[in-house]
Amino acid sequence: MRLLLFHHIVLSGYIFSEATKKFPDNFKFGVATSSYQIEGAWDKDGKSPSIWDHLTHTRPWHIEDGRNGDIACDSYYKYKEDVRMLKELGVDFYRFSIAWTRILPSGFINTINWDGVKYYNNLIDELLKNNIEPMVTLYHWDLPQTLQELGGWTNPIMEEYFAEYARLCFKLFGDKVKLWTTINEPRLVCLMGYGINVMAPAYNNTGIGDYLCGHTLLKAHARAYHIYDDEFRKDQKGKIFIVLEFQWLIPKTNSTADINVTETARHFMFGWFANPIYLGNYPKVMIDLVAERSAKQGFPKSRLPKFTEKEIDYIKGTTDFLGLNTYTSFLTNSEEFYDYKMVGFENDIGFQISHDPAWEATAQPQFKIVPWGTRQMLKWIKETYDSPEIFFTENGMADNGTSLDDQLRIKFYREQLKAVLDSMHKDDVKVSGYTAWSLMDNFEWVSGYNLKFGLYHVDFTSPNRTRTPKSSVAYMRKLFKTHCPIEECE
Ligand SMILES: *[C@@H]1O[C@H](CO)[C@@H](O)[C@H](O)[C@H]1NC(C)=O
Ligand SMILES: *[C@@H]1O[C@H](CO)[C@@H](O)[C@H](O)[C@H]1NC(C)=O
Ligand SMILES: *[C@@H]1O[C@H](CO)[C@@H](O)[C@H](O)[C@H]1NC(C)=O
Ligand SMILES: *[C@@H]1O[C@H](CO)[C@@H](O)[C@H](O)[C@H]1NC(C)=O
Ligand SMILES: *[C@@H]1O[C@H](CO)[C@@H](O)[C@H](O)[C@H]1NC(C)=O
C-alpha cells in the first residue's frame, strides 16, 4: 500500500546527491496548533472571552462560514487523544499555545485561574510521559477582551501586562517547558487586526494602528525575552524566540521598478519585525518612506513610531533563533497610479501582489505551492541577517475536506522539505527544525472551518469531533522516523 501511495507522486526536477537527501540526526520535527483554533471550552472552568470569542460572537459575518471556536476540536477535553496522535506520528515536539484568558481571566496578574493552569499542566505532563517535547507559544492571537477594551496592542501599557503574563508562564511551566515562543506572526496581528478589519479585533486603521501595534509587540517580545534571560534561563535552561511569518516576494517583471519595490516590500513585510530584533531599529527604507509619505499627508511627524536608542539596544538580539512560518510566495509589482495622499500600509510601500497562474493551487486560492520560493527566501534571510539559526515553526497547505487521500499535501511537504535541504546543503543556510501546520483540521480564523490544514481530519459534525488520519500521516510518520523526505534515502 505504502509503495503504491508514493508511486504516483510526480516530482519536479530537484537533483539530490546521496549525502544531502536526509536531514541530520539532530534535526527536530514536530507539528503545531494554537489554543483558540483547537481548544473549545471557551467559557468553561473560569476562562474569560478573548478577542476571538468576542469577534466571532458579536460579528459572525467576519467569518466565512459564520462559525466560531466555542467547541473547535474540543481539545480542552480531548487532549489525550491529541497526544495519542502525536505519538502515532512520532514527533520530537509539539507546538501549541496557551490561552491567556484561561489562566488570567481578568487579563491581569491579579487573579490566577488554577483550573486553566491545571489543563496546561495535564497536557504538558501527558506530552512528557510520551517523550514529546512541548514548544509553547505565549501569544497566538487570543488577547483577553478586557485588554482590548484598553486599546489592545496599540496601547503601550500592553508591554507591562504581557510581561507579567509571560513571567507567570515561565514560573508555572518553565521547569517542564524548554522551548518558548513569544508572539506568533506579529505582522498579521497588526496588519489584519488593526490595519484592515479582517482578524480580531478587526479595527480599520491602516498606516497608523498597525504601526502602533507593531511597536508595542516588539517591546513586549523583548521584555519577555529579557525576563526569561534575567530571571529564569540560568535554572530552566530553555530557549526563547519570536515567530515571524514571511510569504516570499518575487519581482513580477525584471523592470528596475519591480525589482526595487519587491526589495522594499520585503523590508516592510519581514524587516519590520526582523530588523529591530536582528540588526537594531526598523529598516531604513521603511523609516524613510513612512516619514516621507506622512509629511506629504500633513502629519507633523512620521506615522511609524520611533524607538529611542535605549529601546533599539534593548530589542536587538532578543531571540535565540528565528521561528519562521511560511506558506507560499507572491509576485510583486510597483503600483504606478496609487494615491500618495491615502494613508495606508500598502500605500507606504507602493506595491501590489499577485501570483503566477502557472503555480499549483491549493484549496486556499491565494496560496500556491512554490517550494523554490522558500529556497530563495531562506537565502535572502541568511544574507540579510547574517546567517541566523532558523527553526520552521509552521509550514503547510489547506485542502477542502472532500478526501482523506491528501496526495497534494504529501507532494507539498516533500517539495518544501527538499527545498529546505537544498538551502542547507547548497546555500549553507542554518536550519535546525521543522514544524508542520497542523496536527489536525481546526478553526482557520476568518475562513472558519472551510480550510483544512490538518494531517488528521476532524469531523466537526460529530459531538465526538472524531479524528481520522489522512494519507499524509503515513508520509509524515516515515519522514519523522527516517529524516528522509523522499521514498528512499539509502
Ligand atoms: C476603513 O477606513 C477607510 C478610511 O477611513 C474607509 O474608506 C473604508 O471604507 C473603511 N472600511 C471598512 C470596511 O470599514
Ligand atoms: C528575471 O531575471 C532572472 C535572472 O536572469 C530570471 O531568472 C527571471 O526569470 C526573470 N524574471 C522575469 C519575470 O522575466
Ligand atoms: C528604490 O526605491 C527607493 C525608495 O523609493 C529609492 O530611494 C531608491 O532610489 C530606488 N532605487 C532604485 C535603484 O530605483
Ligand atoms: C476539493 O478539492 C479537490 C482536490 O483539489 C477537487 O477535486 C474538488 O473539486 C474540490 N471540491 C470542492 C467542493 O471544492
Ligand atoms: C461518540 O463516542 C461514543 C463513545 O466512544 C460512542 O458511543 C458514540 O457512538 C460516538 N458517537 C458518534 C456520533 O460518533
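Ligands are counted one by one from 1 in listed order, and the atoms in each one are counted from 1 as well.
- The contact set between ligand 4 and Thr402, taken as ligand atoms under 4.0 Å from a residue heavy atom, comprises 1 (C), 2 (O), 11 (N).
- With hydrogens and angles left out, the side-chain atoms of Asp70 and His57 include a donor and acceptor closer than 3.5 Å.
- Shortest contact from atom 3 (C) of ligand 4 to any protein heavy atom: Asn400 ND2, 3.7 Å.
- Not one N or O on the side chain of Ser334 forms a donor-acceptor pair closer than 3.5 Å with the backbone of Phe351.
- The nearest protein heavy atom to atom 13 (C) of ligand 2 is closer than 4.0 Å.
- Each of the atoms 13 (C) of ligand 2 lies under 4.0 Å from some heavy atom of Lys252.
- The presence of a protein heavy atom under 4.0 Å from atom 9 (O) of ligand 4 is ruled out.
- Using cut-offs of 30° and 60° on the angle between ring planes, the pair Phe367 and Phe330 is perpendicular.
- Tyr449 places no side-chain N or O within 3.5 Å of a backbone atom of Asp65 that could act as its donor or acceptor partner.
- Here the heavy atom of the protein found nearest to atom 6 (C) of ligand 5 is Asn464 ND2, 4.1 Å.
- The minimum heavy-atom distance between His355 and Pro365, with the atom names listed, is CE1-O, 3.8 Å.
- With Asp142 as reference, Ser35 is the one residue of Ser50, Ser35, Ser97, Ser34 to meet the side-chain hydrogen bond (donor to acceptor under 3.5 Å, both in side chains) rule.
- Shortest contact from atom 2 (O) of ligand 2 to any protein heavy atom: Asn254 ND2, 2.3 Å.
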